[in-house]
Amino acid sequence: MPRALNVALALGEDNKDRLPSGSAAKPPVDAGGEDRLKTVSLSATYDLGPVKLLGELSQLRHRRAQAQPWAPERTDRYDGYLVGATVPVGRGSSAPPSAA
């Protein structure tokens, strides 16, 4: 009976610095600034044989800083999780079909 634990860690960062106000690609809504997304995700699976358990924890931080010194910086944080299992359903076989 297989029993295996697999663990994965993923980190990511996306620099979405905004274009200067009035540029050709953006209408003049704000005066630039910094816009960054940072993500971290930790996941694991455990093989119990026919049933495989899985779980994941994640966090995303979105930081937005304005170019004007008087405008407040804003950071949003989102936490998430996932819990599940995979179970075979129906009649199945690991053997290849026989050629007739």
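Excluded from the calculations below are hydrogen atoms, water molecules and symmetry mates; all remaining heavy atoms, backbone and side chain alike, are included.
L48 and V83 fall into different hydrophobic clusters, where Ile, Leu, Val, Met, Phe, Trp and Tyr side chains are chained together by heavy-atom contacts under 4.5 Å. Cluster membership check: L9 does not share its hydrophobic cluster with L57, using side-chain heavy-atom separations under 4.5 Å among Ile, Leu, Val, Met, Phe, Trp and Tyr.
Within a 6.0 Å radius of NZ in K38, other residues, nucleotides and ligands contribute 12 heavy atoms or fewer.
Atom OG1 of T45 and atom CG of L5 lie 7.0 Å apart (nearest 0.5 Å). Within the model, atoms CD of Q59 and CG of D79 stand 5.0 Å from one another, a figure rounded to the nearest 0.5 Å. Separation of atoms CG (L42) and CG (L11) is listed at 10.0 Å; rounding is to 0.5 Å.
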Kindly determine whether L54 and L82 satisfy side-chain contact (heavy atoms from CB on, under 4.5 Å), including the steps that lead there. CA-CA 8 Å; L54 57 101; L82 174 113; 3.3 Å; yes
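P88 and P50 make their closest contact through CD-O, 3.0 Å (heavy atoms, listed as atom of the first residue, atom of the second, distance). Across all non-hydrogen atoms, the minimal contact from V51 to A85 is CG1-CB, 4.4 Å.
Not counting sequence neighbours, the partners of E56 by the side-chain hydrogen bond (donor to acceptor under 3.5 Å, both in side chains) test are S41. In this structure, the side-chain contact (heavy atoms from CB on, under 4.5 Å) partners of L60, at least two apart in sequence or on a different chain, are L37, T39, H62, Y78.
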